[in-house]
Amino acid sequence: MRAFLISLPEDSTRRQSGLSKIRAAGIAYEISDGVEAKKWTADALRQACVPGSRLKPGEVGCYLAHLRTMQRIVEYDLPWAVVIEDDFCYEAEPDFGLAEIGNFLPKEFDYIHLQRDWGWNRRLRVSPHCQWFERIHGTPLGTTGYIVANRFCRVMLRNFSRCEMAIDQLLSRASETHMFFRTRKPIVGIQEGLGTVIHDE
């Protein structure tokens, strides 16, 4: 398996936190540099978005960083990969860790949410699937950690290369027509105290 750690290209406390945790998992990983859209011109931001989008620069950067990571998954021809943001932390007592999850995956899937559900998406519907996973329509909002299949990456890159809405909102919408799951017990959460560049503009 392969993991991609999304992190802005600077030696920050946040990046070092993510690196120390992903290394502790003992899995193959690489850094996928984040996109610093807040440094772009207004015209460059408009070009990255569909007309009428009102995303903040941090939301645009987050969106494009996730698509850039999906592009790598396609280029490497990986069947699936873990995508994780550098402000993640491990949850207590999961059913299995990142290093073992490949042994438990559903037979077919497009996306598996690994993150704690904070109850932010009122449209989320959950149905049992098996001992380890639940089928979801709508997603718990946030993109701190998930598994994504190559075929779904191709859909995202083909149809959603320009930003229309925040990446977690788009994934929630896509769950209505694709095979989305979540682990019954969350594997990752958000490390407190590391800050964000998405909502602080």
Side-chain angles (χ1 to χ4, degrees), residues 1-12 14-40 44-45 47-49 55 57-88 97-102 105-106 108-115 139 142-175 178-183 187-188 190 196-198:
M1 67 169 288
R2 180 78 61 89
F4 293 87
L5 180 73
I6 295 178
S7 181
L8 286 174
E10 57 189 35
D11 187 17
S12 64
R14 181 170 166 144
R15 174 173 276 213
Q16 291 306 315
S17 174
L19 281 171
S20 67
K21 292 181 177 69
I22 199 71
R23 288 169 179 158
I27 58 177
Y29 77 91
E30 64 180 79
I31 295 175
S32 181
D33 281 337
V35 177
E36 297 181 280
K38 67 179 181 179
K39 295 182 179 180
W40 292 4
L45 284 169
Q47 291 296 320
C49 298
L55 294 178
E59 291 173 317
V60 173
C62 182
Y63 187 108
L64 295 176
H66 282 268
L67 256 65
R68 175 185 288 178
T69 305
M70 292 181 188
Q71 181 66 52
R72 284 200 197 178
I73 294 169
V74 170
E75 289 173 355
Y76 295 167
D77 199 26
L78 300 173
W80 56 269
V82 174
V83 179
I84 204 153
E85 294 179 350
D86 59 4
D87 63 341
F88 84 99
L98 291 180
E100 299 82 32
I101 196 169
L105 295 176
E108 291 188 40
F109 68 88
D110 291 304
Y111 173 98
I112 300 173
H113 197 83
L114 306 176
Q115 181 184 336
T139 62
T143 51
T144 301
Y146 59 88
I147 291 174
V148 64
N150 186 298
R151 64 183 182 185
F152 183 68
C153 292
R154 292 177 183 275
V155 170
M156 291 287 288
L157 293 165
R158 183 171 62 249
N159 298 324
F160 304 105
S161 61
R162 297 179 71 189
C163 310
E164 179 179 357
M165 62 188 73
I167 187 68
D168 55 356
Q169 296 283 350
L170 177 59
L171 289 169
S172 184
R173 188 176 75 177
S175 71
H178 292 82
M179 296 184 67
F180 274 45
F181 297 88
R182 72 177 182 184
T183 53
I187 295 177
V188 300
I190 299 174
T196 176
V197 297
I198 296 177

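Note that the structure is a prediction, hence the values are computed from the model and not measured.
With a 4.5 Å cut-off on side-chain heavy atoms, L114 and I84 do not count as touching. Inter-residue side-chain proximity for S17 and K21 is flagged as met; some heavy-atom pair is nearer than 4.5 Å. You'll find the side chain of I73 reaches within 4.5 Å of the side chain of V83, heavy atoms only. Looking only at side-chain heavy atoms (C-beta outward), I6 and S32 come within less than 4.5 Å of each other. Side-chain atoms of W80 and M1, non-hydrogen and from C-beta on, do get closer than 4.5 Å to each other. Looking at heavy atoms from C-beta onward, F152 lies in side-chain contact with L171 at the 4.5 angstrom threshold. I190 is not listed as a side-chain neighbour of E85, based on a closest heavy-atom distance of 4.5 Å or more. Contact annotation: the side chain of D110 never approaches that of M156 to less than 4.5 Å [non-hydrogen atoms, C-beta and beyond].
Closest heavy-atom contact between F160 and L67: O-CD2, 3.2 Å. Across all their heavy atoms, E164 and R173 have their closest contact at OE1-NH2, 3.9 Å. Between P9 and G34, the shortest heavy-atom distance links the atoms CD-O, 3.7 Å. Here the shortest heavy-atom pairing between Q71 and L157 reads OE1-CD1, 3.5 Å. In plain terms, the two heavy atoms of T139 and D168 that are nearest each other are OG1-O, 3.9 Å. Among all heavy-atom pairs drawn from V60 and A48, the shortest one is CG1-CB, 4.2 Å.
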*asked:* Is there a side-chain contact (heavy atoms from CB on, under 4.5 Å) between R151 and H178? Walk through the geometry before answering.
replied: CA-CA 11 Å; R151 64 183 182 185; H178 292 82; over 6 Å; no
*asked:* side-chain contact (heavy atoms from CB on, under 4.5 Å), that's the test. Do F181 and I147 meet it? Break it down for me.
replied: CA-CA 10 Å; F181 297 88; I147 291 174; over 6 Å; no
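Aromatic ring pairs are classed by plane angle as parallel below 30°, tilted from 30° to 60° and perpendicular above 60°; the pair F180 and Y111 is parallel. The aromatic rings of H66 and Y146 lie parallel to each other, with less than 30° between the two planes, well short of the 60° mark.
Between D33 and R15 there is a salt bridge, since a side-chain N of the basic residue sits under 4.0 Å from a carboxylate O of the acidic one.
Under the side chain to side chain contact (heavy atoms under 4.5 Å, CB included) criterion, R23 pairs with L19, Y29, sequence neighbours left out.
Interatomic distance, D87 CG to R14 CZ, rounded to the nearest 0.5 Å: 3.5 Å. Atoms CD1 and OG1, on I187 and T144 in that order, are 13.0 Å from each other to the nearest 0.5 Å. Taking CD1 of I27 as the reference point, atom CZ of R2 lies at 10.5 Å (rounded to 0.5 Å). Summarising the geometry, atom NE2 belonging to H113 is positioned 8.5 Å from atom OG1 belonging to T143; distances are rounded to the nearest 0.5 Å. Between atom CG of residue L8 and atom CG of residue D86 there is a gap of 7.0 Å, rounded to the nearest 0.5 Å. In this structure, Q47 CD and R162 CZ are separated by 6.5 Å, a value rounded to the nearest 0.5 Å.
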